[in-house]
Amino acid sequence: MDYDKSDVEVVYRRGDWNSWSDIVRWLERGLSRDQQADNELSEAESRQLLDGFRTLDQKGERFTDDPVGAYRALQSVQ
């Protein structure tokens with residue numbers, strides 16, 4: 001895993017998310033414009049975060065607005 005808890009915190013600072021799919025769309029848009037979703041995330045971090053958040057969304061995991069909780073949820077699907 002190329003990202004850590006601080007990278008998930010970056011994602012949460014970038015928007016007022018209401019669902020995993022909100023985050024997925026933001027990451028997809030960023031990756032379609034550049035090779036990274038955000039200037040604080042590498043391409044590898046961006047892609048792995050996208051995969052993780054997409055998996056959470058597809059599995060119907062309960063959304064959390066807490067980045068630490070999101071990081072734990074991501075670890076459970078990696």
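Please read these numbers as outputs of a predicted model, since none were measured by experiment.
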Quiz item: Distance from Glu40 atom CD to Asp7 atom CG, nearest 0.5 Å?
Solution: 8.5 Å
Practice problem: Following the transitive rule for hydrophobic clusters with a side-chain heavy-atom cut-off under 4.5 Å over Ile, Leu, Val, Met, Phe, Trp and Tyr, establish whether Ile23 and Val68 coincide in one cluster. | Solution: no
Quiz item: Going by heavy atoms in the side chains, are Arg47 and Leu50 under 4.5 Å from each other?
Solution: no
Quiz item: Are more than 12 heavy atoms from other residues, nucleotides or ligands located less than 6.0 Å from atom CZ of Arg62?
Solution: no
Exercise. Taking atom types as modelled, find out whether Thr64 and Asp66 have a side-chain donor-acceptor pair closer than 3.5 angstrom.
Key: no
Quiz item: Looking at side-chain heavy atoms only, is the closest gap between Leu74 and Leu49 below 4.5 Å?
Solution: yes
Exercise. Kindly say whether Val11 contributes a backbone atom to a donor-acceptor pair with the side chain of Trp26 at under 3.5 angstrom?
Key: no
Exercise. Quick one: closest heavy-atom pair of Glu9 and Pro67, and the distance?
Key: CG-CB, 3.9 Å
Self-check item: Gap between atom OG of Ser21 and atom CG of Leu56 - 0.5 Å precision
Solution: 11.5 Å
Quiz item: Between atom CG of Leu31 and atom OG of Ser46, what is the distance when rounded to the nearest 0.5 Å?
Solution: 5.0 Å
Quiz prompt | Contacts of Tyr12 that satisfy side-chain hydrogen bond (donor to acceptor under 3.5 Å, both in side chains) - sequence neighbours left out | solution = none
Exercise. Output the distance between atom CD (Glu45) and atom CG (Leu27), rounded to the nearest 0.5 Å.
Key: 11.5 Å
Self-check item: Over all atoms of both residues, closest heavy-atom pair of Asp2 and Ala44
Solution: OD2-CB, 3.1 Å
Practice problem: Take Glu28 and Arg54 through the side-chain contact (heavy atoms from CB on, under 4.5 Å) test and state the conclusion after the steps. | Solution: CA-CA 10 Å; Glu28 287 173 338; Arg54 187 179 283 142; 2.7 Å; yes
Quiz item: How long is the gap from CG on Asp57 to NZ on Lys59, to the nearest 0.5 Å?
Solution: 12.5 Å
Quiz item: Any ring pair (Phe, Tyr, Trp, His ring centres under 6.0 Å) pairs touching residues 39-63, not counting sequence neighbours?
Solution: Trp20-Phe53, Trp20-Phe63
Quiz item: Once you round to the nearest 0.5 Å, how far does OG1 of Thr55 lie from CD of Glu61?
Solution: 10.0 Å
